[in-house]
Amino acid sequence: MAKVILTPNQTPTLFLEAENITPDVFAGKDAAEIAALHGFVGKTTVTLGDYFTIEGAGGQTAADTTVVINGDVSRVKYIGMKMSAGELIVNGNADMYVGGWMTGGKITVNGDIEAFAGLGMTGGELIVNGNAGNYLGAAYRGDWRGMQGGEIRVSGNAGSDVGTFMRGGTIVVGGNIDVHVGTHMEGGTIIVKGDAKTRVGGQMVKGTIYVYGDIDVMMPGFQYRNDSDLEVDGDKGRFALYEGDMGERHPKKKGEVIYGQLYMKY
Amino acid sequence: MTDYLIKNGFVFDPVQGINGDKVDVAIKDGKIVDAGDVTNPTIIDATGMTVMAAAVDIHAHVAGPKVNMGRNFRPEDKLFNCTAGSGMKRMEGGFSVPTVLRTAYLYARMGFGFSMEAAMPPLYARHTHEEIRDTPIIDQGALPVFGNNWFVLEYLKENEIENTAAYIAWLLNQTKGFGVKCVNPGGTESWGWGLNCETVDDVVPYFDVTPRQIVSGLIEANEYLGLPHCMHVHGNSLGEPGNYGITLDTLKIAEGVKPQNDFGREVVLHNTHLQFHCYGGESYASKSFESKSKEVVNYINSVDNISYDLGVVTLDETTTMTADGPFEHHLSHMNNLKWANTDVELETGSGIVPFIYNPKTFIAGAQWAIGLECGLFIKDPMRAYITTDAPNAGPLCRYPRVYKWLMSAKARDDMLDNTLKYGDKIRERCYIGELDREISLYELAMMTRAGPAKTLGLSHMFGSLKPGLEGDVAVYPYNPETDTDDPEKIEYAFGNAAYLIKGGKLIVKEGEIVDMGNKRTFWVNAKVNENPMVERDISEKFRRYYTVTQNNYTVEGPHFVPNPYVIEVDATK
Ligand SMILES: [Zn+2]
């Protein structure tokens, strides 16, 4: 597999918008061609070469291209946006929109990421060995198509509004999560292994949320159904099932009413 | 001003009976002149290309409060859909609800010279005109909505045509409006009571008047005034299975009514987006739903005083927006997406819902078929105009795609066989399978230029290349002799005009927009005899009900209408 190594050589004064940093765009390009790819800082157009030292070359296709960023890119947005295949590894912190609208491939961030990561993603894997920001796996502002497929794993904590308008795929948060989880959720699974605060599953229609720890304040639109023993993401335990949001519409499938499901671990 | 001579093109001008002949077209001082009347003109070589008068859009939603609300509540419509400015052009963005600049550039690239904003809420006329002002290049007018207006409901309950006419004249003047639009007559007002008008004889609560009385009265008042355009109606029960009967009932209200105007207009009723009004059956399921386009268009073929536009569904993700508030509410409960709604005090209402016409569903495919059928069953193409009710049935940018479908049976079959999941079912439940008609370039010129110009009462300015008319000419990179092999060439050519001259100015040159033109706002100033009763009613309504005073209502001055083109009408006799 061909490898491209990007080493940041300066921190942007504003923020660098670098939607070109993907295996898809790098495929078939050598280091010089990659360095010439554009990005934006404010209203100015810059090149990746202005901000990174670039070594190696892309493979023939995205699938045989690995991109490694060695260093802090906490002022770089849109890393891995719309990527469809291949691998992207960030050894440092990254800013917003990591893996936004990605359809395949694998992104690993060994550090923290900011908001809107995995926005509207339909496939692939996004692994964060650190903390994630707000709107993880959510929908773009105004859109009703949040995360629809693939998997997001965050080892640390996540911010607020995770999985807003989520329709498919899985989000696993190893630590705690802030307010508004799975708002307007219409499918998919969110697993929170730590604690949640308030407004979990608000206006949820479909899909499943697991919370291992505490929920500070439950939504009033959820009703207790039963207890059961489950294995969730390799963790065995006894869970209480709540269904909701009762204030939302309730679609039917094969004559049966469908609700969002919220499992709380004992 | 530069003179232009467009040489060697294949010219299509139904008004003059020119059908693909190689005729030179000359422009001097902003007007079309005989080819011999220009001296030292700039030559435009149109060899191998199609030349027509600039197109005229009779019905699109491109400016005003609901368009802007659509932009505001659909940021995702602009996501990945913006183009940076270059040369003359500023940044443009949006797909189904484009920015005013993209609207202008799109129209220019498609070779349009005039567009009618199809629904202006009078109370928000100021906003509508600000957007029209900010849309360069094309000339525009706007139709204020009257079908649920309290004045109109009260006058027409008693069949007071003269008072209705006096009120229309006043409102056109106040809002700088062009004509009379009527959306879901009575239904939007009924919705204030949680009801709707589903047939032409349902009674509007409190006002005690029916859609039939409203439509009939507005037609009569329109002809009493002798306005350039006729009464422009979006009937009751839009989009409902089985609504074709209501459509026929609405159309029959015009039976026997003669046009009265000095503008050469021959129709008294324009039924907009006919596609949405031609449904049979009792549900959207394929076992029940069916096309009734043939029945409706056959009726229109049998009379001579009705025109319509198609409202073709383009199978895109789009944004629906209409003054038909109850319909949008209904729609939002069908697709469960976001919904915006406004009640415009005393006048009308409005709703907005994003909508995906999914080619994998039977119903969207059937709607697509019905829109095209409406264009293919017409006997006189001067009375059927090509629209997508933009953006309701499809975005503005899709007009060239609709031309392709109308002009090529092969392109339609390709859709039915390869794109639509239920192509065979659609052939069975609709008429599309039995239609092999292909609209010719000559007919296209009628359905996009000569026809709409005539029904808008603007045939003395637009729609033809007759000397004396506005110097509005479009040149398309389409060779009618050699480009007939591939329908995609139609779509490409009509979306990428090689040249557009508008009001004698070169706007598009070799496919590039090079000038922002001299945009005008058209409105109609109708003079009526003094009518103290209507004047009193107006001040009374402002005093008692409106949240604004008349001073904050009137559209006046260069801020709103910097470059007006006023059409005077005298109804005092
Ligand atoms: Zn419309």
request  = Report yes if the side chains of N184(B) and N196(B) come closer than 4.5 Å at any heavy-atom pair, otherwise no.
outcome  =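 Yes. Closest side-chain heavy atoms under 4.5 Å.
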request  = Could you pull out all residues at least two apart from H184(A) that satisfy ring pair (Phe, Tyr, Trp, His ring centres under 6.0 Å)?
outcome  =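 Only F165(A) meet the ring pair (Phe, Tyr, Trp, His ring centres under 6.0 Å) criterion with H184(A).
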task = Answer with side chain, backbone, both or neither: which region of K43(A) has an atom nearer than 4.5 Å to a non-hydrogen atom of chain B?
result =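 Neither part, no heavy atoms under 4.5 Å.
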ask   = Which residue pairs pass the ring-ring contact (aromatic ring centres under 6.0 Å, His included) test with at least one member in residues 67-109 of chain B, sequence neighbours excluded?
value =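 Listed once each, the pairs are W101(A)-F80(B), Y107(B)-F112(B).
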key: Ring geometry between F289(B) and F362(B) (parallel below 30°, tilted from 30 to 60°, perpendicular above 60°)   =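 Ring orientation, 0 to 90° scale: perpendicular.
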request  = Identify the residues of residues 323-334 of chain B whose heavy atoms come closer than 4.5 Å to a heavy atom of chain A, ordered by number, or report 'none'.
outcome  =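 Residues in range: none.
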key: Side-chain H-bond candidate by donor/acceptor type, R199(A) with S160(A), under 3.5 Å   =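 Side chains of R199(A) and S160(A): no pair found under 3.5 Å.
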message = Strictly by salt bridge (charged side-chain N to carboxylate O under 4.0 Å, His left out), give each pair with a member in residues 281-290 of chain B just once, sequence neighbours left out.
response =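 Sorted result for residues 281-290 of chain B: E290(B)-K292(B).
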